[in-house]
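Structure record follows, encoded as structure tokens.
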Amino acid sequence: MAPRRPTERDRSRRVLSQNFLADPAAVARMVAAARPGPDDLILEVGAGRGRLTRPLAARCRRLIAYEIDPAVLPELTAACAPLPAVEVRAADFLAAHPPDEPFSVAGNIPWSLTAAVVRWCLAAPGLRAATLLTQLDYARKRTGGHGRWSRLTVLTWPEHHWRLVGRVPRAVFRPVPAADGGILRLERRTAPLLAPAALPAYRRMVELGFGGVGGSLAASLRAAHPGRRVDGALRAARIAPDTPVGLVWPEQWLVLFRLLHADGGPGGKSRPSGPAAAPNAYRAGRGSGRKAGPDDPRRQRR
């Protein structure tokens with residue numbers, strides 16, 4: 001039998017990267033992960049036929065459903081017609097202006113647009129959380145899967161918490177994709193882990209570390225800090241000099257920053273405040289008798 005030739009609709013789905021959820025249990029897991037509340041405003045990315053829209057709308061104050069595919073818009077509009085809390089927008093979510101009030105994002109997003117959707121969410125000042133069904137490998141990459149951490153996760157860690165909260169088998173999608181899905185939860189912290197004035201210096205340090213100058217994290221940091229100070233900070237953060245940069249935990253990056261910028265420099269305009277910023281809370285190889293701070297990597301190893 002000759003293989004079936006792709007139809008116009010098949011080609012459209014590939015262009016739009018559409019894989020619809022066909023399993024009620026998977027839909028329920030997404031809703032549970034999104035944790036909608038009765039006072040929440042939710043923006044749904046790629047609402048499709050409304051399988052996720054309806055249960056989300058039943059649990060929130062207002063939902064704006066974005067869908068760009070004209071082939072599914074009539075079905076989505078009909079499904080949402082009895083739901084006064086839902087507004088269907090036939091528009092590109094990535095071109096939308098973020099609401100002026102606090103809001104959350106949820107959706108079984110087009111996997112080819114995952115990076116763009118995540119960038120939009122990180123840039124939106126009113127975002128509280130984003131619950132996104134992405135390709136599993138992407139979710140793992142952003143959440144420390146296999147012990148590795150990405151530059152984007154480390155850069156945004158002081159203000160955002162990244163978690164992989166579920167796995168969705170590929171068999172529950174229609175059409176069936178080539179890989180499993182992962183439920184990625186991105187939450188804005190109510191209190192940043194660093195003072196706002198310190199964030200630019202922290203980001204410069206992370207960019208320097210991931211830049212690979214000198215062939216190692218230690219060598220990269222020595223380009224901006226005295227060698228002895230770098231060596232001491234690495235010991236305090238329990239980072240071996242030859243550790244690949246991707247294996248350094250976000251918590252360890254925070255320790256490095258607090259120690260290397262404890263006096264406001266170089267490049268730091270202010271000293272981070274709070275007890276976790278005190279350098280002597282992270283002494284290495286000394287019996288100080290102090291408990292490990294909340295961001296000390298020693299806590300993570302237990």
If two hydrophobic side chains count as joined below 4.5 Å and joins carry through other members, does [X] share a cluster with [Y]?
X    : Y    : result
L94  : L186 : yes
F210 : L247 : no
L164 : V117 : no
L136 : Y138 : no
L122 : L127 : yes

Regarding T143 and W149, is there a side-chain donor-to-acceptor distance under 3.5 Å anywhere? no
task: Please assess D180 against R170 for the test salt bridge (charged side-chain N to carboxylate O under 4.0 Å, His left out), listing each intermediate value before the final yes or no.
output: CA-CA 4 Å; D180 289 345; R170 58 190 289 268; 5.1 Å; no
Taking all non-hydrogen atoms of both residues into account, name the closest pair between [X] and [Y] and its distance.
X    : Y    : answer
P158 : Y202 : CG-CE2, 3.4 Å
R54  : A79  : NH1-CB, 3.3 Å
R51  : L21  : NH1-O, 3.6 Å
G107 : L52  : CA-CD2, 4.0 Å
L41  : P102 : CB-O, 4.1 Å
W111 : L133 : NE1-O, 3.2 Å

Can you check whether [Y]'s main-chain N or O pairs, donor with acceptor, with [X]'s side chain at less than 3.5 Å?
X    : Y    : result
E67  : A90  : no
W253 : L155 : no
R185 : A34  : yes
N19  : F173 : no
H225 : L221 : no
T77  : L73  : yes
E44  : A106 : no

Using side-chain heavy atoms (C-beta onward) and a distance below 4.5 Å, is [X] in contact with [Y]?
X    : Y    : answer
F257 : V206 : no
R128 : R188 : no
R174 : V176 : yes

Hey, what do you get for [atom1] ([X]) to [atom2] ([Y]), rounding to the nearest 0.5 Å?
X    : Y    : atom1 : atom2 : answer
I183 : L132 : CD1   : CG    : 10.5 Å
L208 : L260 : CG    : CG    : 10.0 Å
L256 : L217 : CG    : CG    : 6.5 Å
D39  : C60  : CG    : SG    : 10.5 Å
T131 : I42  : OG1   : CD1   : 8.0 Å
R62  : L43  : CZ    : CG    : 8.5 Å

Hey, mind stepping through W120 and V105 against side chain to side chain contact (heavy atoms under 4.5 Å, CB included) and telling me if it holds?
-> CA-CA 10 Å; W120 189 100; V105 170; 4.2 Å; yes
Pairs involving [range], ordered by first then second residue, that meet salt bridge (Lys or Arg N to Asp or Glu O under 4.0 Å) (sequence neighbours left out):
range            : result
residues 140-163 : R151-E207, E159-R203, R163-E187
residues 240-250 : none
residues 88-98   : E87-R89
residues 110-127 : none

- prompt: Do R258 and L194 pass the side chain to side chain contact (heavy atoms under 4.5 Å, CB included) test, and can you show the C-alpha distance, the side-chain angles, and the key distance before you say yes or no?
  reply: CA-CA 9 Å; R258 286 165 176 149; L194 293 174; 3.9 Å; yes
- Message: Check this for me: does any side-chain nitrogen of one of R59 and D40 sit under 4.0 Å from a carboxylate oxygen of the other?
- Response: no
R222 and D231 ion-paired at < 4.0 Å:
yes
message = side chain to side chain contact (heavy atoms under 4.5 Å, CB included), that's the test. Do W162 and T156 meet it? Break it down for me.
response = CA-CA 9 Å; W162 301 71; T156 58; 2.9 Å; yes
Note to self: Between L152 and V118, is the side chain to side chain contact (heavy atoms under 4.5 Å, CB included) condition met? List the steps.
What the structure shows: CA-CA 10 Å; L152 180 62; V118 168; 4.2 Å; yes
W157 meets the side chain to side chain donor-acceptor pair (under 3.5 Å) criterion, sequence neighbours left out, with none
| query | On the ring face of F20, is R49 found with NZ or CZ under 6.0 Å from the centre and within 45° of the axis? | reply | yes
Residue pairs meeting side chain to side chain donor-acceptor pair (under 3.5 Å), one or both in residues 97-107, sequence neighbours left out, come to R61-E101
